[in-house]
S.K.: 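My questions will all concern the structure given below.
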2 protein chains.
Amino acid sequence: MTTDQRPLRADAQRNLERITTSAQVLFAERGTRAQMEDIAAHAGVGIGTLYRRFPTKEALLTALVRKRFQEFAVIAAECEEISDPYDALATSMRRQAESVVGDAAFQLAMMNIDSFSWDGIEEDKAALNAILGRLLERAQAAGAVRADLRVEDYGMMMCGTTATMYFMHALPEPGWRRHLEILLAGLKPT
Amino acid sequence: MTTDQRPLRADAQRNLERITTSAQVLFAERGTRAQMEDIAAHAGVGIGTLYRRFPTKEALLTALVRKRFQEFAVIAAECEEISDPYDALATSMRRQAESVVGDAAFQLAMMNIDSFSWDGIEEDKAALNAILGRLLERAQAAGAVRADLRVEDYGMMMCGTTATMYFMHALPEPGWRRHLEILLAGLKPT
DNA sequence: ACCTGAACACCGTTCAAGT
DNA sequence: ACCTGAACACCGTTCAAGT
């Protein structure tokens, strides 16, 4: 679960990537119920190999979530370039949400947090929150959003949006976008 | 799963109630991972008895959700008495959310919808939505909320609120209330 | 009708043997 | 170092026997 180990042997590295990809595909397809055996088979490795990299199913899910958090940080950083403070914040949320639309694995994970260990995610989350904090402060300084918002609210809103995204994924027209827009409208000062 | 069967034998009825209560307690305590064996033991019955009433774990969870939906309908109906249209709607959401604060079972269920069958819930949901529809229309007619809202948005917002409630249940001060307030603020017409 | 719990099946996880 | 898969353990579910 640490990030600093020396480079893997070439075949091991390839296996790791295949496992991650297969996990993403199968979790997205079948939700948390996707089986470890199947993921290993899909990746073309033995189960032992899967377990060598990820000690538990939870750890595997956690790894996928970490990856997303890192991507969220990239998106948020890009949005810092946007000049309008409210737009910067809103665009960050919209783009992050949009980026996980197809990823039921992540959506489920966000909603199932108790079911897997957060070990290792803390650092990614801190890095992400640092950027989000700046985005939020700028918007507040400009009077574009409520003064009582905290950084945790950002995560909470993303959690809520992700949940509705998953919840409503059967509906013809994705309604989670309106849910997000309602939240965004609610951010403005009264 | 139907509602029309003739009354159960007295002891069976008692057992059913004990099972439901125990399920609520243990799911709340341990989340979806609470075990069927443990629930049966907690209720003081054999597993066979549990399975006689609820063919699967999912069915058991579903039953608890149905109960909540029925309570939601009662709350919503009470809120129809409130004269201010926006207040009526907002109070309904606030009171419903408040009513499931301790019920991790329901919160998890709301977020885990794919993991259990919705069989039988449809009717309860329809009954609930009928009331919510009236609540919403009244607020819209008064110009108190956005014109583009649909009934499904209500459920979506409750889903989002429930998710954040669960997600944040470790935090010192429950922040889901602010999440809900942001949503409520966002409902107002622009 | 309803209750019970031993037995079964499924799937997450381990570990001894192999390269 | 890493890979493999048979074996184990856990827990959801069934079913034959009992009241």
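First the proteins, then the strands, lettered A, B, ... as listed; each starts at 1. Excluded from the calculations below are hydrogen atoms, water molecules and symmetry mates; all remaining heavy atoms, backbone and side chain alike, are included.
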S.K.: State whether A:R53 places a side-chain N or O below 4.0 Å from either non-bridging phosphate oxygen (OP1 or OP2) of D:dC2.
M.R.: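 So the side-chain polar atoms of A:R53 do come within 4.0 Å of the phosphate oxygens OP1 or OP2 of D:dC2, strictly under.
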S.K.: Out of D:dC2, C:dT13, C:dC11, which nucleotide sits closest to the side chain of A:T56?
M.R.: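 Nearest nucleotide to the side chain: C:dT13.
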S.K.: Return the pairing partner of C:dG18 with a 3.5 Å limit on both distances, Watson-Crick or G-U wobble; otherwise return none.
M.R.: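 Partner of C:dG18: D:dC2.
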S.K.: Name the pairing partner of D:dG12, where a pair is Watson-Crick or G-U wobble with both distances under 3.5 Å, or state none.
M.R.: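 C:dC8 - that is the nucleotide pairing with D:dG12, both distances being under 3.5 Å.
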S.K.: Among C:dC11, C:dA1, D:dG12, which nucleotide has an atom closest to any side-chain atom of B:M36?
M.R.: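 Shortest atom-to-atom distance from the side chain points to D:dG12.
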S.K.: Give a yes or no on whether a salt bridge exists between B:R138 and B:E80, defined as a side-chain N under 4.0 angstrom from a carboxylate O.
M.R.: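 Result for this pair is no, no salt bridge flagged.
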S.K.: With a 4.0 Å cut-off on N to O distance, would you call A:D124 and A:K67 a salt bridge?
M.R.: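 A salt bridge is absent here (no side-chain N lies under 4.0 Å from a carboxylate O).
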S.K.: Starting at atom CG of B:L60, determine the distance to atom P of D:dC11, rounded to an integer number of angstrom.
M.R.: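 To the nearest whole Å, that distance equals 17 Å.
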S.K.: Is it true that the NZ or CZ of A:K188 lies under 6.0 Å from the centre of A:Y86's six-membered ring and within 45 degrees of the ring axis?
M.R.: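 Here A:K188 passes the 6.0 Å and 45° test against A:Y86.
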S.K.: Calculate the interatomic distance between A:R52 atom CZ and C:dT14 atom P; express it in whole Å.
M.R.: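 Taking atom P of C:dT14 as the reference, CZ of A:R52 is at 14 Å.
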S.K.: Quick check: do A:R178 and B:R150 have side-chain heavy atoms less than 4.5 Å from each other?
M.R.: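 When only atoms from C-beta onward are counted, B:R150 and A:R178 do touch, with a gap below 4.5 Å.
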S.K.: Rounded to the nearest angstrom, tell me the gap between atom CD in B:E37 and atom C1' in C:dA7.
M.R.: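 Nearest whole value for this atom pair: 12 Å.
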S.K.: Rounded to whole angstroms, how far apart are CG on A:L50 and P on D:dC2?
M.R.: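 Value for this atom pair: 15 Å.
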S.K.: Could you work out which one of C:dA1, C:dT13, D:dT13 sits closest to the side chain of B:Y51?
M.R.: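 Nearest listed nucleotide: D:dT13.
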S.K.: For the side chain of B:V45, counting heavy atoms from C-beta on, which of C:dG12, D:dT13, C:dT4 is nearest?
M.R.: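 Nearest to the side chain of B:V45 among the choices is C:dT4.
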S.K.: Does A:T49 have a side-chain nitrogen or oxygen under 4.0 Å from the phosphate oxygens OP1 or OP2 of D:dT4?
M.R.: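 Looking at the OP1 and OP2 atoms of D:dT4, one of them is under 4.0 Å from a side-chain N or O of A:T49.
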S.K.: If you check the A:D11 side chain, which of C:dT13, D:dG12, D:dC2 turns out closest?
M.R.: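 For A:D11, the side-chain atoms sit closest to D:dC2.
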S.K.: Which nucleotide wins on minimum distance to the side chain of B:A12, given the candidates C:dC2, D:dT4, C:dA6?
M.R.: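 That would be C:dC2.
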S.K.: What is the distance, to the nearest angstrom, from the CZ atom on B:F54 to the P atom on C:dC2?
M.R.: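 So the CZ-P distance, B:F54 to C:dC2, works out to 13 Å.
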S.K.: If you compare every side-chain N and O of B:R9 against the phosphate oxygens of C:dC2 (OP1, OP2), does one of them come in below 4.0 Å?
M.R.: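 It does not, given that no N or O in the side chain of B:R9 lies less than 4.0 Å from OP1 or OP2 of C:dC2.
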S.K.: Between A:E58 (CD) and C:dT13 (C1'), how many Å, whole number?
M.R.: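 From A:E58 CD to C:dT13 C1': 12 Å.
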S.K.: In whole angstroms, how far is the P atom of D:dG5 from the CD1 atom of A:I47?
M.R.: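 Spelled out: CD1 on A:I47 to P on D:dG5 is 8 Å.
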S.K.: Run the ring pair (Phe, Tyr, Trp, His ring centres under 6.0 Å) check on B:F72 and B:Y154 step by step: do they pass?
M.R.: CA-CA 12 Å; B:F72 277 13; B:Y154 190 104; 8.3 Å; no
S.K.: What's the CG-P distance between A:N15 and D:dC3, to the nearest Å?
M.R.: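 After rounding, the reported distance stands at 5 Å.
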